Amino acid sequence: MTALRSIIGWISLIIMGPVLMYLFLISGDEVKNVKAVSTVLDEKLPLKEIPLTQNSFIVDQNGALVSEIITNQENRTYVPFDKIPEAVKTIFIVSEDQKFYEHIGFDPAGMARAVLINAKSQSIEQGGSTITQQLARNVFLSHEKTYNRKLSELLYSYHIERTFSKEEILEGYLNAVYFHNGVYGVQMASNYYFSKPIDKLTLAQIAFISAIPNNPALYDPIKHFEHTKKRQLLLLKNLLDGEYITGEQYNSASAEKIRLNLQHRTDRYPDYVTYVHDELKRLIAENEGYTIRAADAGKEEKAVIEEELNNKVHEVVKKGVIIHTALDPTMQANMNDAFKNHLSDSSVQGAGVVIDHHAHQIKALYGGQDYQKFNFNRAYQAYRQPGSAIKPLLDYVPYIDVKNASASSVISAKSFCKKDYCPKNYDEKTYGNVTLETAFKKSYNTPAVRMLDEVGIEKGYSYLTPFGFQAVTEADYVLPSAIGGFTKGFSPLELTQAYSAFANDGVFNKSHAIVQITDLQGNSLYQWNEEPLRVWKSTTNNEMRKLLSAVTSSGTGTKAKHSAPYTGGKTGTTNDFMDLWFVGLTDRYTAGVWIGKDKSASIEKLSKSAPQQLIWRDITKN
C-alpha cells in the first residue's frame, strides 16, 4: 500500500506540476495585478551563484600542504567546467538526464517513465529527477521524501534554468554530487579513490567513480567493489550503445583492472595547526573590524559580536582559501625530537616556541607530549609563573633605561626588606655590591627587587604594556613580581614574543604563524598590518644583549650555549621547582622552552639536568 500511495503521489505531481508551472508562467500576462512567477522567484529566491562548500588548505613556508580544512563535513575540491573531461560530462548526462540540454529544469516524460517503472516494481525505483533537480536538491533543498519538497524542487529547478547556463548547471552538479565516504564532487572523488586529479583518469576509472552517485551506499567501492564494477560496465555499455565510444575503447575500458589508491586526508603538525586555527579567527577579526567593535562593547554585545565573527570565519573558510603559514617543518620536527630526547618522564609536560625575529614569524610550536589537534595547547594557552625569566623585562630593562646604567654598573646584592616582604637569593646567601652582569648571570633576587623598587612599580610595568600580556592584572603590581610572583603568569609564546625585542634593537614587532590568506586562485584576502613599536632605547638594548650573553657563556644557562654567532637568554625557576624556563635568542631565532606539570608539583630531580636548556640548544642550533 505504501508503494501504491507513493506512485499515486508521483502521478499527481506529473499531472499537477506542469499545470501549475504553466499557470504561473502565463499569470503575468493574464492578470495585471498578479506578479509573474519569474518575478516572484527573482524576489523570493535570489540566485547569484551556486553556493558549494570547498576545502581550505593550510600550507607551510614552502607552500607544501600541512592540513586540509573540511567545512560542513563536505570534502570537496571545486573544478571548473573546462577542466572536467568530456567523458565525465557525457556519462552523467547519458545515465542521469538524456534531455538535459532540452528541458527547462524538469522533464515530465522522464517523470512519467519513472512512475511506470515504479508501478511495475511496486516500489520507488526511480525518481525521474533531472540533473537540475538533483542540483536543486543537493544545494538548495533537503533530501526528505515529501511531495511539498518535490514541488519546491520543481520551482527551484525552473529558476536555476532561468538564472544559469546549461554549462554552469552541469558544472555545479558535477561538483555537488555525493560519492560516499564524505566525498563530494568529481575532483575529490578522483583524488580520494585514485589519488590523482580527474583529468588524469582513464576512461575505465572515470566510469568507475561515476557509478557511485546513483546509490552511494550500494556502490561504495571500498565496501562493495563488485557492485561498483558491475555498474561501471553498464555505464560503459551505455556509452557504446549511444556511439560515444568505439567498440575498441569499450573493450579496453571494460577489461582494465581497477585498483583503488585511497588518498588519506593530510593533517600534520597538530601543535602548530591548532594555533593557526586560533590565529585565523584573530586575523579576520582585526581585518573586518570585530576587534575594534568588541573593545568598547558590553558583555551582551560582545557575545553578539563573537557569534558574528564565528559566522564570518565559517563563511571565509567554506568558500575555499589557502592559509599561508611560516611553519618550518624541519624545525618543527627537530623541536618534537628535542622534547622527546630530553623529556622522558611522561608525567612532566613541556612547551616550546621558535620565532624568526627578523621576519617576525612563528616557525615552530610544541604544545605538549603526545599532543592531539585542538587539545589544550601549552605553547600559548598555558599561563605559568615565569620565575627569573621575567627579570630582563620587568627589572633590568626599566632600570638600565631610566638610570642609564650599564652591564658594569654596580648594585647591592645585600638583604632586602620592605614592609613584610623580604626576598632571599636562590642559595639563601647574601652578597655585597655586584655588577649588573654578575647579578643577572647568577640570577640574584635581591638586586632585581631593588631595581624595580628604585624605578617604581608603575614605571616598571609600563615596559610590559606594549607586549599585551593577557593575564597581567593590577593585582600583580607588587614587588614580588620582580622575581616572578604573579597571579597567573605568562604563556611561553608571550614571553618568547617579548624577548624578540632584544633581537630588534628594543623594537617590538608581534610575530605570527599566518603570513597571509589567499583565495584558491592566489588573490590575497587577509594579512597582518602590524606596526613596530620601540619599547626601550637602543643603548639599553645593547647592554641587555651583553647580560643575556653572559648567562649562556658563564652564568646559569651554560647548557644552552652552542656555536651560533650569538646566544643569550635567561633561566627561570619557580618556588619548589614547579616550573623550569629558558627563553633566549641567537642571531636568527628567539625561542622559549617551559617544563613543568599541568597540576603544579615539584620537578626538582629533573631540574638538575636542565632539560629546558638542552631542548633550547637543540632547537636553535640548526
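Every value quoted in this text rests on a predicted model; they were computed, and no experiment measured them. Numbering of residues begins at 1 and proceeds along the displayed sequence.
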Original post:
Closest approach of Tyr193 and Pro221, non-hydrogen atoms and distance?
Top reply: CE2-CG, 3.4 Å

**OP:** Return yes if some donor-acceptor pair links the side-chain N/O of Gln187 with the main-chain N/O of Ile198 below 3.5 Å, else return no.
**Re:** yes

Original post:
Does CG belonging to Asp370 count more than 12 external heavy atoms closer than 6.0 Å?
Top reply: no

Original post:
Is it the case that Asn310 and Lys281 place a side-chain donor and acceptor less than 3.5 Å from each other?
Top reply: yes

**OP:** Assess the side chains of Glu256 and Thr202: does a donor N or O sit below 3.5 Å from an acceptor N or O?
**Re:** yes

Original post:
Are Glu308 and Arg293 close enough for a salt bridge, meaning some N to O gap below 4.0 Å?
Top reply: yes

Original post:
For Asp337, which residues count as a salt bridge (Lys or Arg N to Asp or Glu O under 4.0 Å) partner, sequence neighbours excluded?
Top reply: none

Subject >> Residue pairs fulfilling salt bridge (Lys or Arg N to Asp or Glu O under 4.0 Å) with at least one residue in residues 203-224, sequence neighbours excluded >> reply: none

Subject >> Pair Phe374 and His277, ring centroids less than 6.0 Å apart >> reply: yes

**OP:** Dump the intermediate steps for side-chain contact (heavy atoms from CB on, under 4.5 Å) on Tyr275 and Leu493, then the final yes or no.
**Re:** CA-CA 11 Å; Tyr275 179 73; Leu493 176 57; 3.5 Å; yes

Original post:
Looking at Pro213 and Val177, what are the two nearest heavy atoms and their distance?
Top reply: CB-CG2, 3.4 Å

Original post:
Is any side-chain heavy atom of Ile322 less than 4.5 Å from a side-chain heavy atom of Ile517?
Top reply: no

**OP:** Spell out, as yes or no, whether a donor-acceptor pair under 3.5 Å connects the side chain of Asp60 to the backbone of Asn62.
**Re:** yes

Original post:
Between the side chains of Asp618 and Asn334, is a donor N or O closer than 3.5 angstrom to an acceptor N or O?
Top reply: no

Subject >> Backbone of Asn175 reached by a side-chain donor or acceptor of Arg76 within 3.5 Å >> reply: yes

Subject >> Test item: Ser190 side-chain N/O and Lys196 main-chain N/O as donor-acceptor pair under 3.5 Å >> reply: yes

**OP:** Would you please name every residue forming a side-chain contact (heavy atoms from CB on, under 4.5 Å) with Gln232, sequence neighbours left out?
**Re:** Ala204, Ala207, Phe208, Lys229, Leu236, Ile258

**OP:** Could I get the full list of salt bridge (Lys or Arg N to Asp or Glu O under 4.0 Å) partners for Lys83, not counting sequence neighbours?
**Re:** none

Original post:
Would you call the rings of Tyr156 and Phe140 parallel, tilted or perpendicular, where under 30° means parallel and over 60° means perpendicular?
Top reply: parallel

**OP:** Scan for side chain to side chain donor-acceptor pair (under 3.5 Å) pairs involving residues 320-329, sequence neighbours excluded, and state none if there are none.
**Re:** His324-Thr518

Original post:
Could you state the interatomic distance from OG1 (Thr266) to CD (Gln263), rounded to the nearest 0.5 Å?
Top reply: 6.5 Å

Subject >> Rounded distance [0.5 Å steps], CZ in Phe106 versus NZ in Lys99 >> reply: 13.0 Å

**OP:** Count the heavy atoms belonging to other residues, nucleotides or ligands that lie under 6.0 Å from OH of Tyr244, then report whether that count exceeds 12.
**Re:** no

Subject >> Closest contact, heavy atoms only, Ala379 versus Val353 >> reply: O-CG2, 4.1 Å

Original post:
Would you call Glu153-Arg137 a salt bridge at under 4.0 Å N-O?
Top reply: yes

Original post:
Okay, side chain of Thr163, backbone of His159: is any donor-acceptor separation there less than 3.5 Å?
Top reply: yes

Subject >> Listed partners of His360 passing ring pair (Phe, Tyr, Trp, His ring centres under 6.0 Å), at least two apart >> reply: none

Original post:
Do Ile323 and Val59 pass the side-chain contact (heavy atoms from CB on, under 4.5 Å) test, and can you show the C-alpha distance, the side-chain angles, and the key distance before you say yes or no?
Top reply: CA-CA 6 Å; Ile323 303 170; Val59 299; over 6 Å; no

Original post:
When you measure from the side chain of Glu68 to the backbone N and O of Ser56, does any donor-acceptor pair fall under 3.5 Å?
Top reply: no

Original post:
Rounded to the nearest 0.5 Å, how far apart are CD1 of Ile84 and NZ of Lys89?
Top reply: 6.0 Å

Original post:
Quick one: do Asp267 and Lys373 make a salt bridge, cutoff under 4.0 Å?
Top reply: yes

Subject >> Spacing of Tyr589 atom OH and Thr620 atom OG1 [to the nearest 0.5 Å] >> reply: 9.5 Å

**OP:** Could you pull out all residues at least two apart from Ser344 that satisfy side-chain contact (heavy atoms from CB on, under 4.5 Å)?
**Re:** none

**OP:** In sequence, state the C-alpha distance, the side-chain angles, and the governing distance for Val139 and Ile160, and then conclude on side-chain contact (heavy atoms from CB on, under 4.5 Å).
**Re:** CA-CA 11 Å; Val139 177; Ile160 288 172; over 6 Å; no

Original post:
Where the side chain of Lys363 meets the backbone of Ala326, is there a donor-acceptor pair that is under 3.5 Å apart?
Top reply: yes

Original post:
Is a side-chain N or O of Asn287 found less than 3.5 angstrom from the main chain of Tyr526, in a donor-acceptor match?
Top reply: no

Subject >> Crowding at CD, Glu102 (>12 non-hydrogen neighbours, <6.0 Å) >> reply: yes

Original post:
Would you say Arg268's side chain and Leu65's backbone share a donor-acceptor pair under 3.5 angstrom?
Top reply: yes

Subject >> Min side-chain heavy-atom separation Glu530-His512 under 4.5 Å >> reply: yes

**OP:** Indicate the atoms forming the closest heavy-atom contact of Ser95 with Arg231, along with that distance.
**Re:** CB-NH2, 4.1 Å

Original post:
Ala285: what forms a side-chain contact (heavy atoms from CB on, under 4.5 Å) with it, not counting sequence neighbours?
Top reply: Tyr290, Thr291, Leu309

Subject >> Listed partners of Lys237 passing side-chain contact (heavy atoms from CB on, under 4.5 Å), at least two apart >> reply: Leu240, Asp241, Tyr250

**OP:** Please check if the side chain of Tyr184 supplies one atom and the backbone of Thr77 the other of a donor-acceptor pair under 3.5 Å.
**Re:** no

Subject >> Results of salt bridge (Lys or Arg N to Asp or Glu O under 4.0 Å) for Lys340 - residues two or more places apart only >> reply: none

Subject >> Separation between OG1 of Thr274 and CG of Leu365, rounded to the nearest 0.5 Å >> reply: 9.5 Å

Original post:
Does any pair with a residue in residues 163-175 pass salt bridge (Lys or Arg N to Asp or Glu O under 4.0 Å), and if so which ones, sequence neighbours excluded?
Top reply: Glu161-Lys166

**OP:** Please report the shortest heavy-atom distance between Gln527 and Val515, naming the atom on each side.
**Re:** CB-O, 3.8 Å

Original post:
Residues in salt bridge (Lys or Arg N to Asp or Glu O under 4.0 Å) with Glu307, at least two apart?
Top reply: none

**OP:** Begin from the C-alpha positions of Leu135 and Ile169 and carry the test side-chain contact (heavy atoms from CB on, under 4.5 Å) through to its verdict.
**Re:** CA-CA 8 Å; Leu135 178 63; Ile169 294 170; 4.0 Å; yes

**OP:** To the nearest 0.5 Å, tell me how far Asn238 CG sits from Thr90 OG1.
**Re:** 12.0 Å

Subject >> Parallel, tilted or perpendicular: ring planes of Phe100 versus His103, cut at 30 and 60 degrees >> reply: perpendicular

